[in-house]
Amino acid sequence: MFDFGFRPLLPEGHAENINAGAAAPIVIEDDVFVGMDALVMKGVPICGGPIGGGAVVGAGSVRTQDVPRAVGAGNPAMVMREL
C-alpha cells in the first residue's frame, strides 16, 4: 500500500527533492480482505459501502478508487461481483 507518490511527476522536480510526492490516507475498514500482491494507491478507501467492511480486493489487483462491498479485481480493479 502506498500513501505517497514517491517523487514529483515532472523531471525538473526530481533534483530538487526526491521525496516530494504528495501523500494521501488509505482507509481500510473491518472485515476487508486484500489479496496477495494487490496494490492499493494513495487516497483510496476500502470501506465496503456506507456501513463499512466486507470488501474483497483480489490478488494482484491495482486499486485506484473506492472499493464497495464487493469483490474487486484486475488492473485497474473493477467490481466483479457484489456481496
Side-chain angles (χ1 to χ4, degrees):
M1 295 181 209
F2 302 106
D3 67 347
F4 64 100
F6 292 105
R7 63 188 187 130
L9 293 177
L10 299 175
E12 303 82 53
H14 295 186
E16 294 172 16
N17 185 356
I18 194 68
N19 295 317
I26 297 172
V27 177
I28 300 176
E29 296 284 341
D30 294 334
D31 197 27
V32 169
F33 176 81
V34 179
M36 186 168 67
D37 294 330
L39 297 177
V40 179
M41 306 312 283
K42 66 181 179 180
V44 177
I46 303 178
C47 305
I51 58 172
V56 176
V57 179
S61 298
V62 177
R63 201 65 207 193
T64 59
Q65 54 187 301
D66 185 18
V67 177
R69 186 177 175 89
V71 175
N75 181 6
M78 300 182 320
V79 173
M80 298 292 156
R81 181 176 60 153
E82 296 289 331
L83 296 175

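What you are looking at is a predicted structure, and each value in this text was computed from that prediction instead of being measured. Numbers here are sequence positions counted from 1.
- Between Met78 and Arg63 the shortest heavy-atom distance is N-NH1, 4.0 Å.
- Val71 and Val79 fall into different hydrophobic clusters, defined by Ile, Leu, Val, Met, Phe, Trp and Tyr side-chain heavy atoms under 4.5 Å apart, directly or through other members.
- Between Ala73 and Gly58, the shortest heavy-atom contact is CB-CA, 4.3 Å.
- Environment of CE in Met80: crowded, with over 12 heavy atoms of neighbouring residues, nucleotides or ligands closer than 6.0 Å.
- When all heavy atoms of Met41 and Thr64 are compared, the closest pair comes out as CG-CG2, 4.2 Å.
- Nearest approach of Gly72 to Ala77, heavy atoms of both residues: C-CB, 4.3 Å.
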